Amino acid sequence: MKKQVLITGGTGYIGSHTAVEFIEAGYEVLIIDNLSNSKIDSLDGIEKITGTKPEFAQFDLTDKLKLNDFFEAHPNIEAIIHFAAYKAVGESVAKPMMYYQNNLGSLMNLLEMTKKYKTKSFVFSSSCTVYGEPEELPVKENSPVQEATSPYGNTKQIAEEIIRDFMKVEQDLKSIALRYFNPVGAHESAEIGELPLGVPNNLVPFITQTAIGIRKELSVFGFDYDTPDGTCIRDYIHVVDLAKAHVIATERLLNNKNKSNYEMFNLGTGTGNSVLEVIKSFEKMSKQKLNYKLVDRRPGDVVKVYSDTEFANNELGWKTEKNLDDMMLSAWNWENNLKNK
Ligand code: UD1
């Protein structure tokens, strides 16, 4: 019998790519998603790629009764990979309570279920946002966590603390938090990808939407930073590389390879790229000029952040395989495919 894993937020951007990797690795995937920021169509995308449509339940994880019923009906879940959360920085500033209630309420309900239903392995979707503006680069896992600049960022920090404290008293459970740098790109089939509702906040969907004509031009936020070309530097990571790390992290827990019952890993490539470098790579791979202008800095932006990959490479046994050009080409193919749909 196939091992069952539950992916919360599994119709979303990173969740859907992770569902594909789990199915391809031989697991049975169950998905819970409230579809607040994704479409049910991604299940068809997953099926087209893998030949399997995951079992899907639409409800909100803050609904404890429904969640309990779900676990009651699925007593054999071996691992939970928890993505479901709100993730828009600006919105979180405007609606902090909504972010705390949803992101932390969901997490606490799920952790309770792990205990009640003896699901021993829990993988959490965290973010490099916990490091703020790092004092030293590249950022290691033991670099200090800095005070969050938004309620969104704070939900990631508090979530990590909740998991850490829970694992201290629940020695039968084990968890890994994965701190993502900047996930971009799409599956090479172009059947699944990022689907921002409304105007994208993030760089790459804004680039592809501009190139395809949905947006007039891209604003590059800040050109006078203390960086080689004056624009901000990030560690962009291909979403498929990122998705694969979740299978590896889950198997580390399932096979008892973990060194403690709460671990965390940075997931990045180790390479920092500027906004202008991303644009250049996009122009090369899409074979067209992008309409962009240099504008004022965006408040709250970190100047430079990229990951130290040593711990993830050596201890987790995971490495990225795709480069920035792969990320841009796949993001562009996905945008084109969306247009045709
Ligand atoms: C943001 C969040 C981060 C979150 C991540 C995923 C902030 C400060 N951080 O990361 O916490 O985990 O999204 O949703 O918001 N840029 C432009 N023009 C644009 C959009 C972006 O120049 O239209 C630039 C930004 O200034 C930045 C880079 O592109 O330098 C990447 O931005 P973005 O994709 O929004 O990601 P982060 O800000 O790194």
Side-chain angles (χ1 to χ4, degrees), residues 9 12-15 37-38 83-94 99 103 124-134 139 145-160 177-185 194-211 214-239 242 266-269 272-282 290-307 324 327-328 331:
Y13 174 43
I14 306 174
N37 192 29
S38 61
F83 293 101
Y86 294 148
K87 61 164 191 177
V89 176
E91 184 184 54
S92 80
V93 175
Y99 271 68
N103 292 8
F124 178 66
S125 169
S126 190
S127 168
C128 72
T129 192
V130 301
Y131 299 116
E133 183 77 61
V139 188
V145 166
Q146 304 210 49
E147 197 182 330
T149 54
S150 73
Y152 158 75
N154 209 19
T155 64
K156 293 296 179 192
Q157 294 190 3
I158 298 171
E160 286 193 359
L178 298 173
R179 291 174 170 169
Y180 313 151
F181 283 66
N182 284 56
V184 299
E194 192 168 4
L195 193 68
L197 297 181
V199 183
N201 294 305
N202 296 114
L203 178 63
V204 174
F206 208 104
I207 289 178
T208 56
Q209 288 198 3
T210 305
I214 300 173
R215 313 278 156 213
K216 221 173 90 234
E217 67 184 345
L218 169 77
S219 295
V220 173
F221 298 134
F223 51 89
D224 55 357
Y225 285 106
D226 182 19
T227 61
D229 66 20
T231 64
C232 292
I233 290 179
R234 296 286 183 278
D235 185 338
Y236 296 93
I237 170 172
H238 198 296
V239 66
L242 189 75
N266 284 349
L267 298 184
T269 65
N273 283 112
S274 71
V275 178
L276 293 179
E277 284 172 335
V278 173
I279 293 173
K280 220 171 271 160
S281 166
F282 176 80
L290 185 76
N291 196 16
Y292 70 90
K293 64 172 180 213
L294 305 176
V295 304
D296 284 350
R297 296 177 176 194
R298 177 171 73 175
D301 262 339
V302 162
V303 184
K304 268 186 268 185
V305 63
Y306 50 93
S307 172
L324 189 60
M327 301 177 211
M328 293 305 119

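Atoms within a ligand are numbered from 1 in the order they appear, just like the ligands themselves. From a predicted model like this one, the values you see are computed outputs, not experimental measurements.
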Under 4.0 Å between a side-chain nitrogen and a carboxylate oxygen: does that hold for E133 and K304?
no

Test: D301 and R234 ion pair at under 4.0 Å
yes

Under 6.0 Å from the six-membered ring centre of Y225 and within 45° of its axis: does the NZ or CZ of R297 meet both?
yes

With a 6.0 Å cut-off (strictly less than), is the heavy-atom count around CG of D296, excluding the residue itself, greater than 12?
no

Carefully, step by step, assess Y152 and V93 under the rule side-chain contact (heavy atoms from CB on, under 4.5 Å).
CA-CA 8 Å; Y152 158 75; V93 175; over 6 Å; no

Is it true that S92 and Y86 share a donor-acceptor pair across their side chains at a distance under 3.5 Å?
no

So what's ligand 1 close to, N/O to N/O, under 3.5 Å?
{"unit_1": "ligand 1", "atom_1": "11 (O)", "unit_2": "T129", "atom_2": "OG1", "d": "3.3"}
{"unit_1": "ligand 1", "atom_1": "12 (O)", "unit_2": "S127", "atom_2": "OG", "d": "3.4"}
{"unit_1": "ligand 1", "atom_1": "12 (O)", "unit_2": "Y152", "atom_2": "OH", "d": "3.0"}
{"unit_1": "ligand 1", "atom_1": "13 (O)", "unit_2": "N202", "atom_2": "ND2", "d": "3.1"}
{"unit_1": "ligand 1", "atom_1": "14 (O)", "unit_2": "N202", "atom_2": "ND2", "d": "3.4"}
{"unit_1": "ligand 1", "atom_1": "18 (N)", "unit_2": "S219", "atom_2": "O", "d": "2.7"}
{"unit_1": "ligand 1", "atom_1": "22 (O)", "unit_2": "S219", "atom_2": "O", "d": "3.4"}
{"unit_1": "ligand 1", "atom_1": "22 (O)", "unit_2": "F221", "atom_2": "N", "d": "2.9"}
{"unit_1": "ligand 1", "atom_1": "26 (O)", "unit_2": "D301", "atom_2": "OD2", "d": "2.5"}
{"unit_1": "ligand 1", "atom_1": "32 (O)", "unit_2": "R298", "atom_2": "NH2", "d": "3.4"}
{"unit_1": "ligand 1", "atom_1": "34 (O)", "unit_2": "N202", "atom_2": "ND2", "d": "3.2"}
{"unit_1": "ligand 1", "atom_1": "34 (O)", "unit_2": "L203", "atom_2": "N", "d": "2.8"}
{"unit_1": "ligand 1", "atom_1": "35 (O)", "unit_2": "N201", "atom_2": "O", "d": "3.4"}
{"unit_1": "ligand 1", "atom_1": "35 (O)", "unit_2": "N202", "atom_2": "ND2", "d": "3.1"}
{"unit_1": "ligand 1", "atom_1": "35 (O)", "unit_2": "R298", "atom_2": "NH1", "d": "3.4"}
{"unit_1": "ligand 1", "atom_1": "35 (O)", "unit_2": "R298", "atom_2": "NH2", "d": "2.9"}
{"unit_1": "ligand 1", "atom_1": "36 (O)", "unit_2": "N182", "atom_2": "ND2", "d": "3.2"}
{"unit_1": "ligand 1", "atom_1": "38 (O)", "unit_2": "R298", "atom_2": "NH2", "d": "2.8"}
{"unit_1": "ligand 1", "atom_1": "39 (O)", "unit_2": "N182", "atom_2": "ND2", "d": "2.9"}
{"unit_1": "ligand 1", "atom_1": "39 (O)", "unit_2": "R234", "atom_2": "NE", "d": "2.5"}

